[in-house]
Protein chains: 6
Amino acid sequence: MTTDTAISTHQAVEDARNADLKLYVNGRIVPKAEAVVSIYDSGFMLGDGIWEGVRLHNGVWAFLDAHLDRLFEASLALDLDIGKTREELTQALADTAAANGMTTDCHARLMVTRGVKVKPFQHPAFSQSGPTIAIIMEHSKPSIPRPIRLASVAHHRGLPLTQDAKLNSHSKLNCILACIAAEKAGADEALMFDPFGFVNTTNACNFFIVRKGEVWTSTGDYCMNGITRGHVISLCRENDIPVFERNYSLVDTYGADEAFMTGSFGGLTPVGTIDHRPLKNAPGPMTQRISALYRDLIARHCAGT
Amino acid sequence: MTTDTAISTHQAVEDARNADLKLYVNGRIVPKAEAVVSIYDSGFMLGDGIWEGVRLHNGVWAFLDAHLDRLFEASLALDLDIGKTREELTQALADTAAANGMTTDCHARLMVTRGVKVKPFQHPAFSQSGPTIAIIMEHSKPSIPRPIRLASVAHHRGLPLTQDAKLNSHSKLNCILACIAAEKAGADEALMFDPFGFVNTTNACNFFIVRKGEVWTSTGDYCMNGITRGHVISLCRENDIPVFERNYSLVDTYGADEAFMTGSFGGLTPVGTIDHRPLKNAPGPMTQRISALYRDLIARHCAGT
Amino acid sequence: MTTDTAISTHQAVEDARNADLKLYVNGRIVPKAEAVVSIYDSGFMLGDGIWEGVRLHNGVWAFLDAHLDRLFEASLALDLDIGKTREELTQALADTAAANGMTTDCHARLMVTRGVKVKPFQHPAFSQSGPTIAIIMEHSKPSIPRPIRLASVAHHRGLPLTQDAKLNSHSKLNCILACIAAEKAGADEALMFDPFGFVNTTNACNFFIVRKGEVWTSTGDYCMNGITRGHVISLCRENDIPVFERNYSLVDTYGADEAFMTGSFGGLTPVGTIDHRPLKNAPGPMTQRISALYRDLIARHCAGT
Amino acid sequence: MTTDTAISTHQAVEDARNADLKLYVNGRIVPKAEAVVSIYDSGFMLGDGIWEGVRLHNGVWAFLDAHLDRLFEASLALDLDIGKTREELTQALADTAAANGMTTDCHARLMVTRGVKVKPFQHPAFSQSGPTIAIIMEHSKPSIPRPIRLASVAHHRGLPLTQDAKLNSHSKLNCILACIAAEKAGADEALMFDPFGFVNTTNACNFFIVRKGEVWTSTGDYCMNGITRGHVISLCRENDIPVFERNYSLVDTYGADEAFMTGSFGGLTPVGTIDHRPLKNAPGPMTQRISALYRDLIARHCAGT
Amino acid sequence: MTTDTAISTHQAVEDARNADLKLYVNGRIVPKAEAVVSIYDSGFMLGDGIWEGVRLHNGVWAFLDAHLDRLFEASLALDLDIGKTREELTQALADTAAANGMTTDCHARLMVTRGVKVKPFQHPAFSQSGPTIAIIMEHSKPSIPRPIRLASVAHHRGLPLTQDAKLNSHSKLNCILACIAAEKAGADEALMFDPFGFVNTTNACNFFIVRKGEVWTSTGDYCMNGITRGHVISLCRENDIPVFERNYSLVDTYGADEAFMTGSFGGLTPVGTIDHRPLKNAPGPMTQRISALYRDLIARHCAGT
Amino acid sequence: MTTDTAISTHQAVEDARNADLKLYVNGRIVPKAEAVVSIYDSGFMLGDGIWEGVRLHNGVWAFLDAHLDRLFEASLALDLDIGKTREELTQALADTAAANGMTTDCHARLMVTRGVKVKPFQHPAFSQSGPTIAIIMEHSKPSIPRPIRLASVAHHRGLPLTQDAKLNSHSKLNCILACIAAEKAGADEALMFDPFGFVNTTNACNFFIVRKGEVWTSTGDYCMNGITRGHVISLCRENDIPVFERNYSLVDTYGADEAFMTGSFGGLTPVGTIDHRPLKNAPGPMTQRISALYRDLIARHCAGT
């Protein structure tokens, strides 16, 4: 999962097996209570880390290659040596799943920070013992999410030299403040604008609208290049659904026929209201059609076909 | 310390006593190796926390009131209930110092995150067991810092609705990327611009220049309102040194007579070169004068006079 | 008509029948002199309203569906309940036309404001008696417009959260100030930039240039999504004329082979000079070709074919 | 009144005398039901007008000179010939008051639009019969306003070449959309940002915060230069209350001790909550102190002392 | 002269002595016709140079120290070694004046470029033979300038990392395009905005307005820090004339009582009209008062008192 | 050549014949030492000119038509009458080549400035004797360039109303400052951002990256519309290489498989490192493929096929 997950997708009854998880920390698989990092860790002190979320489906990590590509690209930007190969990271996921007896319907968050610092200061040179690699893995059956309520907020995404949208980092305060603002306004999740006021993304997921049979999403310049987002765009193209990455405003959004969010955890989540204005359909027919296409894509991908 | 600390201020020989520290985590004082947090911690996963750095001088935490004011103000913005009073936090600092036998010349980093999450997702509502409060405390004798080398970088500070400069948070990736860029360009620390290209701050400290007997620093709109920064401004005013919070450009900066950085950890640190252009003086007479005034202020403050 | 109408398109001799019009106000069809609203009206006091301009051609309102779509979408953004169905609004247009004996070559401005306020203050809650719906309808034979003179001006279109380009509102002061500036500079109409300095629109119409056989118009992000504009783009695509919605600058514009404006009232209007620099052709061959295509489109549309 | 009036200031019981008002329209004083303008009026069609709000106190229009200065300055920018002298406008106010038997505790809205158009199009040259001048005048006893609830919204004030903050115009849609957004978020009025994300103004009033004995308001660059705002600043200076026109952020605002709004209609209105975070005091001691100073200023001004 | 000179200041009859000037080029004083540079010169090819304008008054170069400070500061930013001391440059001015028999009422433009390139490409490393230093010196009696006509234009000043306002360079195309736009609009010189739309400067001079006894000029962030501008500000302060460096808009400017421009060549030049709107006074009483103060300052300065 | 040439392309041994060149100045062909302009020239004083770079290949000036189109378009924007036809300029190139005995493998820089001024001031009206036209022509054999080192810098390209990217002017200081910054950071050339922080161009060439078989370059909105750039895009399209003009960030750039620069002088130049991070391949297979396609295009073009 690139983008994070809206709260509404977790309202279902919690899987009892998650009470007793085994997690991965720097090569060791340990009970949840022992899955800890030093308070000198660069991730804890400074949000100096990167992560990916992936789902296990019938024994296959969905789109793992794309996730690892993005993780290694981010590590280059952060000048952070992961210290492990793609194969070693894949093995770590496999080992953790095995330790938990997971073979399908589970979700992993693979996190890499700059590691423990020798002094509690910002300069990366103080992180001298290699990265911290940690994996949280939980059982999570895909459910049919209820339509979510969005509120547009003043907190907006940043310019690329302040907050590069291509980095899925541990420094998410901007998104969290947006989420809090939305909650105060009576919604589940925030609809965020880009720095110029075009509709961009939610605080944790990518965002799409449907207008007269067309699917619109933001240009991608200021939001995470979500892997599910990419699949939705590709699926539209392959199925002759007109899809556009473009600027659009709040007026276009209120007037949409449907809207949905995407993320690796929840797939497509329908949006029910935006700023307390109900959308015409939730989930609407296009959302349902693309959801079906996406579920089918995962099934094919994980079947290796 | 609001702003963080430039690496050059730590080049001195490390204090051997720091090998064996006691740290504070959620009410318990434990050996450094046991000072850990869950990988489900909001600070680790998301940079969802706030912190303050303070120095102990002759038994008194310098300007602790101002630091606590800022911490509680930040917690209001984050809608994060610290769950402890100012007195309780002060006691935690005192207990940690006592456990380490520290009475002067030490430095504390007091960190408050939204705490451990029940699910590994972004929404703050998943943090349900109260905040994580942690204190790192180390021996650190003030040294006379050598002049530092700055490089101006393209990574810049953000607009207030992307990155509110008034929050001293755990989401510092923007500053870390700037620091890395400066290091690649052959410098110790980054000189960062505001979103419009005015000279703003270094990646971890506030920044001042001296021109023809005047002291200039940025408006403060896009940088941390550093407590040391505030004291430098006040000291200038009290001592009839003309001081201006204003926009200024790289041309003004290269042409400065002196430049220095400020932070709670290091006080004033002289700047020796900017983009490989040497400044006329490092440390220059104004930097030395204000440093002396600041040392005197701390001495008076901590003597309770 | 989405976008308004350049003055040059009205230089023809006025139709004498317009001296004696019947207009629609809130369900009543009255002589022009009685077509009035209270000075407590939200439209008069605050520009709090939306409107559409449409042309009657051989008994059919050209592209009325698209105009009503846009009107209802705008009303959703303004949280303004129009209180009438599309059918009722269409009937109001028909009744007004009938009252004036109009069957073709006339133009209507359908306006909807938030209605009369109980107190003369800004809050929309003071508008408590439903919207004001008014229709101005005039005879207007399409004429061959003379080439217009444009002057680029400093007044520019706004960001979507200041001035959403998708709203055709009663708050047009920004455009009017631009028009005045152009007139002072010796032109008929203003060429306005977007907030970043790309050529965007005129104060009342959409704007196109022709370069080496290609037709360029702005991205549409900061200008009204004019219905005539949309038809011109579609006609180009259907007729293998390369057309691009893109950013372009003043240099590209001065160097254009042709330029024209579009609006529901005037169709295509050729531009003769920009900042006193004559264009190579006015009207040029591409402008004439697309004009003919557009006239043909209206004829087919209004013939129901 | 420059800035408009928050709804909360009108929650009191309506004055029964307002049911039967006489209003001024273009030189005639008529019953409210006859106070109408043509739907061809530039104000109604396009928001092409300017206005001032003034209060009558003991027979004197408070600060009328400043209001007329601003009105005539705006008319110069709009290239709109008011066609009357200051004395004539003052007389119109006096006549209207007399017709209503008002001598104190009433409020007037003096509106000037570009007048009736000969064709329903945007160009100001179509307004050929002189301006429309209208006055709404109502009884309104100053009341003690209850603290208001603000919500920060994404709709923000514009750059000066899109929306010149110095113009108090009839094109207020930007502010109205902000107000609607605030209402949807459960508040009475919107707290609006400037284009860069600094706290600026409410949708209808100027905005101040109080922090540690200091009074802060925005720079004034992007908000109406309210006359009450100006008086509050002057009163602070004259009474040794530190007052700053400066940029500040949402973090500074949440952390304020007090906050209040200003406008000619309501004077000072305390703010109770911002984004559902209660302020420490509402009304706080500084708000009360400045309110008293302001009431005293009006009393002195209107007594001619 | 920092800022350049408006054309209107040169409308007087040309001094016949200027037909036969001696100019300085790289250490040689030659007749005007021989004052040439290679077409490989960095100044000619790329605008890669800096300059200062100074006036000779009664044998003294007015404010030469400030001009040389600025020149050397600019050379540091350009990483351009002037290769001469302040004394040597001063001597070059003296020698050129002597060669022309000039002792007062003359004007010099001292230009320093990166010199002749070995290849016609942009990289500064191709300039290998030292800078080009050239001086143009002309007779120019101060005249009483007629009021100038300004037109506001869309071309605006740049952000500091595109066009550092502190550099008085040979790359002036932005200003020239503005000037051309103003001329097309029927004016003598352009009134330019900063990147956000605040009134900033004319294309060649600094700009001031006078409002109700106060003198306003832009913040200086985006315009040349003119030396005459600085003197005007200082003179106001010394003479209890309220003066503000601040943002202000076109509305404030149209409504000004007076306006004037400043530059080293022409001192203060009154503005007669802005966008064809006449100012109340030209020259107004404040302009005349400050002009007199400035003439007196020069007289005192050049008399060495 | 539109864009200028990176220094690394000139590291080869200099052609000895270039010691004795004949150059063109205003109709005369003279030895290099006599190719001079007055220090009153608008190009020298103000960077008020435009230019094109072209290569001679087997007797044909590559893509001369496109270069002349751009030159004349620029002259229209500058309101600068070149005073010669396309044919006359072409003849001037031919005459200069003949005077130097050049038939292939040479490079010309054709420069047109506003000419000599009658007074040393900015206003274009002082340039009264027609433009200065100058041609530098040198032998330059295409070499295989070594991979170049880029450093990203804070100096960025401007908005179109400050620095219109479509003008290839003599005012290049912005690019030169960027180049100096890159050199200080240990690189050969600067990687510049657009005003919002997207990767845009180098200081003298256009810039492309290759990612997973796709070729990306910036939108072109803020960089020179290089003629080589245009050919690279066309060649990709004709050869089924996916090519995109789009926004992309530093993270995308560090993660690229290959990168190259383009310019009329050097064709394609591979990039070896960016901010000291090596690219995977330099030159990579795509760079080599497109280089070959481009060399073939020139050969075909210059053979008239």
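- For F:Asp69, the part lying near chain C is the side chain, with the backbone staying farther off; criterion is any non-hydrogen pair under 4.5 Å.
- Shortest non-hydrogen contact noted between F:Lys166 and C:Ser249 is CG-OG, 3.6 Å.
- Heavy-atom distances place no part of F:Phe72 under 4.5 Å from chain C, backbone and side chain included.
- Rounding to the nearest 0.5 angstrom, the gap separating the CG atom in F:Asp79 from the OH atom in C:Tyr254 is 8.5 Å.
- The greatest number of non-hydrogen atom pairs below 4.5 Å with chain C, out of F:Thr162, F:Thr219, F:Asp164, F:Leu167, is found for F:Asp164.
- For the atom pair CZ of C:Phe196 and CG of F:Leu161, the computed distance is 12.0 Å after rounding to the nearest 0.5 Å.
- Proximity to chain F is limited to the side chain of C:Phe193, based on heavy atoms less than 4.5 angstrom apart.
- Both the backbone and the side chain of F:Asp221 come within contact range of chain C, with heavy atoms under 4.5 Å apart.
- Of all heavy-atom pairs spanning C:Arg277 and F:Leu76, the tightest one is NE-O, 3.0 Å.
- Ion pair F:Glu245/C:Arg246 not flagged as a salt bridge, since none of the NZ, NE, NH1 or NH2 atoms sits closer than 4.0 Å to an Asp/Glu carboxylate oxygen.
- F:Ala77 approaches C:Val251 most closely through the heavy-atom pair CB-CG2, 3.8 Å.
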